[in-house]
4 protein chains.
Amino acid sequence: MISFENDYSTGAHPRILEALAATNFEPASGYGTDRFCASAAERIRAACDDPVADVFFLVGGTQTNAVVISSLLAGYEGVIAADTGHIAVHEAGAIEATGHKVIALPEHDGKLRPADAAAYLGTFYADETHEHMVLPGMVFIAHPSELGSLYSLAELEELSALCRRYEIPLYLDGARLAYGLAARDTDVTFADIARLTDAFYIGGTKCGALCGEAVVFPRGGMPKHFLTHVKQHGALLAKGRLLGVQFDALFTDGLYDEVGRAAIDAAAELRRILSEAGCTFFRESPTNQQFIVLENTQMEALAERIRFSFWERVDDTHTAIRLVTSWSTTADDLAALEEALAEVL
Amino acid sequence: MISFENDYSTGAHPRILEALAATNFEPASGYGTDRFCASAAERIRAACDDPVADVFFLVGGTQTNAVVISSLLAGYEGVIAADTGHIAVHEAGAIEATGHKVIALPEHDGKLRPADAAAYLGTFYADETHEHMVLPGMVFIAHPSELGSLYSLAELEELSALCRRYEIPLYLDGARLAYGLAARDTDVTFADIARLTDAFYIGGTKCGALCGEAVVFPRGGMPKHFLTHVKQHGALLAKGRLLGVQFDALFTDGLYDEVGRAAIDAAAELRRILSEAGCTFFRESPTNQQFIVLENTQMEALAERIRFSFWERVDDTHTAIRLVTSWSTTADDLAALEEALAEVL
Amino acid sequence: MISFENDYSTGAHPRILEALAATNFEPASGYGTDRFCASAAERIRAACDDPVADVFFLVGGTQTNAVVISSLLAGYEGVIAADTGHIAVHEAGAIEATGHKVIALPEHDGKLRPADAAAYLGTFYADETHEHMVLPGMVFIAHPSELGSLYSLAELEELSALCRRYEIPLYLDGARLAYGLAARDTDVTFADIARLTDAFYIGGTKCGALCGEAVVFPRGGMPKHFLTHVKQHGALLAKGRLLGVQFDALFTDGLYDEVGRAAIDAAAELRRILSEAGCTFFRESPTNQQFIVLENTQMEALAERIRFSFWERVDDTHTAIRLVTSWSTTADDLAALEEALAEVL
Amino acid sequence: MISFENDYSTGAHPRILEALAATNFEPASGYGTDRFCASAAERIRAACDDPVADVFFLVGGTQTNAVVISSLLAGYEGVIAADTGHIAVHEAGAIEATGHKVIALPEHDGKLRPADAAAYLGTFYADETHEHMVLPGMVFIAHPSELGSLYSLAELEELSALCRRYEIPLYLDGARLAYGLAARDTDVTFADIARLTDAFYIGGTKCGALCGEAVVFPRGGMPKHFLTHVKQHGALLAKGRLLGVQFDALFTDGLYDEVGRAAIDAAAELRRILSEAGCTFFRESPTNQQFIVLENTQMEALAERIRFSFWERVDDTHTAIRLVTSWSTTADDLAALEEALAEVL
């Protein structure tokens with residue numbers, strides 16, 4: 001069945017599979033010490049315009065969040081996030097499992113508002129009993145957010161300045177970063193993210209790879225003994241080449257940009273189809289995740305024709321669903337959706 | 001350079017790459033709920049002769065050990081292992097990071113002697129103060145062991161009976177299980193392991209896959225909410241199909257056996273070459289890891305021609321090294337090694 | 001200076017000091033295996049009307065919450081609490097340090113509303129992705145709450161029924177339980193609490209002891225190997241007699257009730273004084289904590305005469321403060337406060 | 001029954017009880033911010049001859065070890081200790097519960113030999129794979145050791161120099177420090193310990209207090225936000241005055257020395273009695289714990305007359321037992337033991 005369920009439902013971009021096949025028999029040392037990882041890291045540093053950035057390859061998103069956050073926090077610190085943040089909801093308590101509290105603040109458009117973070121920090125340090133509370137030791141944001149929205153450059157600048165004032169790191173989850181950078185009205189670049197954050201990751205799994213996320217610590221800021229920390233958390237891939245080869249391919253000849261643009265173009269077409277079919281949008285999203293509200297009977301009828309994600313119950317008779325595009329969404333997929341909506345609505 | 005460094009230095013067996021390419025564009029649901037994982041699990045149940053075994057796919061070995069062990073232990077329990085066990089030495093404290101002590105007992109031939117485990121448990125419960133100590137809540141073994149040795153069926157029977165007497169699980173790390181099962185004089189089968197243990201994993205990373213380990217809980221013994229536990233530990237792969245497709249291929253048409261046999265055949269040839277070159281063996285090993293002692297000057301000369309692993313310092317002038325075969329070791333590789341040894345020794 | 005700062009600012013009730021002195025030279029075995037602990041446990045079982053309740057003595061409140069909660073939750077579970085709950089705010093992340101999330105729901109009158117807990121649980125299990133979220137594995141309440149309020153018997157019945165429907169424990173933090181039970185309009189008794197909860201603790205530190213909290217697991221429900229779990233968390237007192245002697249005294253000749261009544265009587269007088277002085281109450285509280293709002297200049301003037309606790313900033317010119325009575329509050333203390341208020345307001 | 005079971009079987013030294021009674025009604029702020037804690041800390045700084053030492057009061061020994069060790073280690077570090085060390089055996093995995101491995105080296109006379117620690121560290125850093133292993137981040141010793149033995153000043157100097165060379169802290173568990181300092185042939189003083197270690201604690205529980213251990217960080221070396229870390233581990237006593245008053249008394253007019261001397265004098269008399277009774281010593285100990293071997297029938301007969309601790313099974317017919325003196329051991333107790341031995345042997 002045609003699927004708009006998510007951006008990780010197909011395998012890998014063909015150029016990644018080709019790169020894996022082409023390098024398959026060349027022996028390489030383990031644990032990320034191979035030439036593919038070295039080359040991929042070098043290409044990423046160039047993309048970020050940060051020649052001394054540290055780059056480390058991990059396997060998945062929840063893993064990356066847990067490993068990076070626990071490596072940057074002191075034991076008594078927690079991490080501020082929007083209450084819709086992936087770490088606050090859908091990671092099964094992975095941050096708490098490393099001993100740290102997620103300090104959840106109310107989201108606005110799926111994002112953490114700089115003013116809310118500033119207010120929390122101000123109130124916290126004004127409270128005489130704050131030594132009995134979890135110290136806010138980091139700010140977490142996702143870009144795009146879990147709801148597809150994007151921070152503006154001004155918002156990132158403001159969050160960055162706030163973190164620097166309090167001397168805590170700003171960490172950006174870029175699971176879908178390709179789609180954020182390729183969005184049509186964004187004013188945020190790779191180099192901005194590297195300049196304004198203290199750690200971020202470039203998503204591979206949801207952006208065309210079989211698996212893999214590239215963690216970047218701008219300005220050489222990787223914590224001491226990070227490899228040992230990664231190993232201790234079961235996140236060090238023996239056959240590190242698998243990640244190196246894939247990210248080397250993603251950052252060769254603009255493939256990462258291409259993956260992003262393809263999904264954004266498909267999302268624009270998807271929005272057109274949904275609008276013309278008269279759908280109500282549940283949230284506005286400039287990236288590859290689109291959210292609409294359907295009557296439950298319509299939803300059930302559509303589900304027989306197209307795969308999508310349940311998002312949340314709206315009321316007794318309506319449900320919000322999510323439709324997602326990716327590099328592998330085809331014109332045929334979109335046509336099939338258009339046809340299905342015509343039948344169903 | 002020709003490499004005998006380890007069994008994860010090349011990519012994947014070509015039939016695995018083919019399977020990935022063949023299934024690449026078929027959409028699949030995430031997190032291991034796809035048809036490839038289902039098919040692979042079914043084939044593994046058949047191989048284990050346990051139609052109700054639970055099978056779950058994880059990414060790497062240290063991750064698998066940490067996730068499985070922490071899922072089976074109560075908070076106040078620890079795990080008994082040989083002091084050469086991977087979890088006791090080379091996993092950077094991954095077990096302790098989940099809150100559990102590794103109770104290390106002296107190895108014999110790289111293995112945990114059943115009598116030693118029995119003595120530990122007996123002494124423990126005879127000690128009046130044992131409630132102030134970590135309760136031994138599991139026995140961990142690796143098969144093949146970290147030193148390439150193998151448990152006999154009688155030893156496994158004895159360990160299994162001991163664990164059942166104390167009502168604690170027996171867990172087997174099968175990172176290199178293909179090579180253990182394919183070894184020439186072993187009397188242990190897949191079905192024996194499923195019958196005698198409470199959890200084990202079938203190594204993929206070191207046995208021909210790009211990544212992946214298949215955890216098996218015989219007799220339907222998977223802990224409640226294991227998926228959530230896996231997610232919490234950052235070990236749930238979004239694109240679970242990557243693991244499903246690979247293990248489905250490994251368990252189709254006997255590929256896992258073939259991978260094992262190829263490495264064992266190459267190891268036999270490797271032993272012949274080493275013997276005829278007059279090398280002293282550091283440890284006897286019936287599997288794909290071979291250990292020899294070289295004078296340091298010889299070792300350095302060999303290192304210019306062939307890649308291998310440093311194992312340990314023997315004395316001021318001698319070092320133990322490890323040479324490893326895999327499914328991808330070729331006759332040319334072995335010939336090159338033979339030639340290099342002739343030059344160096 | 002006269003202090004209404006909190007209920008743990010003086011030492012112990014004189015009858016506790018007498019008991020310590022009287023038993024001082026009698027040797028006793030360690031770790032709670034002494035006759036004082038046995039006697040205290042027996043008296044507590046009688047007070048709770050539960051002859052098979054398990055009783056265990058710990059030292060402090062945060063410790064007790066962390067130890068009990070972590071002993072009752074599976075690794076992948078979290079605990080539901082009001083967002084003003086001590087575990088959610090003022091325990092420095094002690095629950096998260098044991099790996100568990102505090103699932104904070106909005107408070108009402110300082111309490112967790114049964115309907116809110118029911119709604120959370122209902123929505124959770126209706127969400128198709130709930131296996132990727134922290135499982136709600138317990139409900140936590142404090143009685144009196146952190147804001148001095150009390151659950152009615154009907155509310156406790158409702159929470160208890162909810163927990164039993166979902167098969168999760170209801171745990172009650174009774175740091176100030178003496179004051180809750182002695183409150184004038186409460187319909188909740190010791191026996192009700194034992195009947196309706198799965199674990200609770202009887203506060204000693206804030207109710208007349210030097211230190212100590214008595215954890216009760218009704219119906220013999222103490223988790224297996226709880227002593228080892230306690231020891232592992234650094235909470236097992238070597239000289240357990242210190243706790244046994246104190247709780248034995250507290251539950252002899254109605255001392256615990258007497259401690260509660262004395263503070264409640266003093267609180268009634270305190271409320272009269274505050275009312276007559278024209279103070280605005282910040283929150284209504286039927287127990288020994290009283291909350292008023294003062295102009296900042298008044299607050300500063302009062303602080304020169306009487307010790308109290310800062311509670312929270314209300315606006316630019318007003319602050320909420322807390323005044324607390326205890327067993328050791330005297331008529332002279334109250335008269336001094338009345339006089340101070342007369343000068344200041 | 002007369003007890004030589006341990007040094008925490010009676011209550012507190014009478015001067016401590018007197019101090020508690022004398023200060024009972026004076027209100028004091030919570031959490032160690034009271035004048036008693038301040039005074040006790042000042043007296044301890046004087047005793048250590050370190051005017052800038054940080055002093056923090058905790059409740060018990062296992063708690064103190066877990067809190068201090070976890071505050072000083074990075075997440076990927078472990079602690080080196082003798083394999084008889086309390087943290088390695090009898091703390092129920094409290095260190096592992098905070099995520100850290102105890103790296104146990106073979107004991108000699110109950111102590112960690114400096115040469116063994118040096119060899120471990122040297123071998124560790126020479127191993128090319130050490131980034132995959134737990135980093136040794138601290139050295140733990142107990143003085144007196146768990147077997148009653150004492151480090152010489154030369155041994156402490158050597159351990160201290162080793163730790164400084166590797167830039168890791170030396171931590172000393174002084175649960176029975178009074179008895180170590182009062183031993184007859186020791187050349188180690190309070191000031192030496194403060195000078196040579198990076199953290200240590202002065203035992204109260206086993207040295208005459210009801211409870212309490214005073215942690216000292218020489219040279220102002222307390223970790224940042226230590227109070228929050230303590231709170232997070234459930235170890236911050238609300239009524240901190242209980243610890244302050246006791247340690248203030250212990251360090252007034254030489255009470256701590258007096259407690260130590262009384263037990264050491266009693267231990268000398270105990271040794272004389274045991275020798276003259278013809279007992280075989282299991283271990284030599286210059287402090288207040290004495291170890292002898294008895295035939296099992298003798299042991300059982302003695303157990304009907306005197307309380308002592310089982311230590312370990314020696315062979316089928318013999319058992320090692322432990323007899324312990326304290327500040328509260330009387331001449332009558334010793335006479336009763338002498339008489340009992342005369343009857344039994």
Side-chain angles (χ1 to χ4, degrees), chain C residues 1-6 8-14 17-18 20-21 23-30 34 58-67 90-94 96-98 175 205-206 209-211 227-239 241-243 245 307 328 333, chain D residues 1-6 8-14 17-18 20-21 23-30 34 58-67 90-94 96-98 175 205-206 209-211 227-239 241-243 245 307 328 330:
Chain C
M1 194 188 290
I2 300 293
S3 175
F4 288 85
E5 191 181 3
N6 56 49
Y8 46 93
S9 61
T10 50
H13 192 283
L17 286 190
E18 285 159 22
L20 287 171
T23 58
N24 193 52
F25 290 99
E26 177 181 334
S29 287
D34 58 88
L58 295 172
V59 176
T62 295
Q63 177 187 84
T64 299
N65 287 337
V67 166
H90 280 113
E91 298 192 352
E96 289 86 357
T98 66
T205 304
K206 295 177 176 170
L210 288 171
C211 62
L227 184 142
T228 305
H229 178 81
V230 169
K231 178 79 183 175
Q232 184 190 32
H233 287 76
L236 186 64
L237 205 60
K239 214 171 266 188
R241 63 184 295 145
L242 169 59
L243 304 173
V245 169
R307 263 152 65 174
S328 69
D333 294 341
Chain D
M1 194 186 293
I2 301 293
S3 176
F4 287 86
E5 191 181 1
N6 56 50
Y8 46 93
S9 60
T10 51
H13 192 283
L17 286 190
E18 285 160 22
L20 287 170
T23 58
N24 193 52
F25 291 98
E26 178 180 335
S29 287
D34 58 88
L58 295 172
V59 176
T62 295
Q63 178 186 83
T64 301
N65 287 336
V67 166
H90 281 112
E91 299 191 351
E96 288 85 358
T98 66
T205 304
K206 294 177 176 170
L210 287 171
C211 63
L227 185 142
T228 305
H229 178 81
V230 168
K231 178 80 182 174
Q232 184 190 34
H233 286 77
L236 187 65
L237 205 60
K239 213 171 267 187
R241 62 184 295 145
L242 169 60
L243 304 173
V245 169
R307 264 154 64 175
S328 70
T330 64

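Numbers restart at 1 for each chain; the letters A, B, ... are given by sequence-line order, proteins then strands.
A heavy-atom distance below 4.5 Å is found between the side chains of Gln63(C) and Gln63(D).
Minimum interatomic distance between Leu242(D) and Cys211(C) (heavy atoms only, all atoms of both residues): CD2-SG, 3.7 Å. Across all their heavy atoms, Lys231(D) and Ala92(C) have their closest contact at CG-CB, 3.6 Å. Closest of all the heavy-atom pairs between Pro14(C) and Phe25(D) is CG-CZ, 3.7 Å.
Within the model, atoms CG of Leu17(C) and CD of Glu18(D) stand 12.5 Å from one another, a figure rounded to the nearest 0.5 Å. Rounding to the nearest 0.5 angstrom, the gap separating the OG1 atom in Thr228(D) from the CD atom in Glu91(C) is 13.5 Å. Here OG1 of Thr62(D) is found 11.0 Å from CD of Gln232(C). Values are rounded to the nearest 0.5 Å. For the atom pair Asn6(C) CG and Ser29(D) OG, the distance stands at 7.5 Å (nearest 0.5 Å). Distance check, rounded to the nearest 0.5 Å: CG of Leu237(C) to OG1 of Thr205(D) gives 6.5 Å.
Interface remark: of the candidates Thr64(D), Thr23(D), Asn24(D), Asn24(D) forms the most heavy-atom pairs closer than 4.5 Å to chain C. Per-residue counts of heavy-atom pairs under 4.5 Å with chain D were compared for Ala97(C), Ala12(C), Ser3(C), Gly30(C); the largest is that of Ala12(C). The candidate from Ser328(C), Gly60(C), Ala238(C), Ala235(C) with the greatest count of non-hydrogen atom pairs under 4.5 Å with chain D is Ala238(C). Among His90(C), Glu5(C), Met1(C), Arg241(C), the residue making the largest number of heavy-atom pairs under 4.5 Å with chain D is Arg241(C).
Among residues two or more places apart in sequence or in another chain, the ring pair (Phe, Tyr, Trp, His ring centres under 6.0 Å) test is passed with His229(C) by His233(C).
For chain D, the nearby part of Ala209(C) is the backbone; its heavy atoms alone come within less than 4.5 Å. Heavy-atom distances place no part of Ala66(C) under 4.5 Å from chain D, backbone and side chain included. With a 4.5 angstrom heavy-atom cutoff, Glu26(D) touches chain C only via backbone atoms. Leu210(D) touches chain C through backbone and side chain together, each having a heavy atom under 4.5 Å away.
Lys239(D) places no side-chain N or O within 3.5 Å of a backbone atom of Ser9(C) that could act as its donor or acceptor partner.
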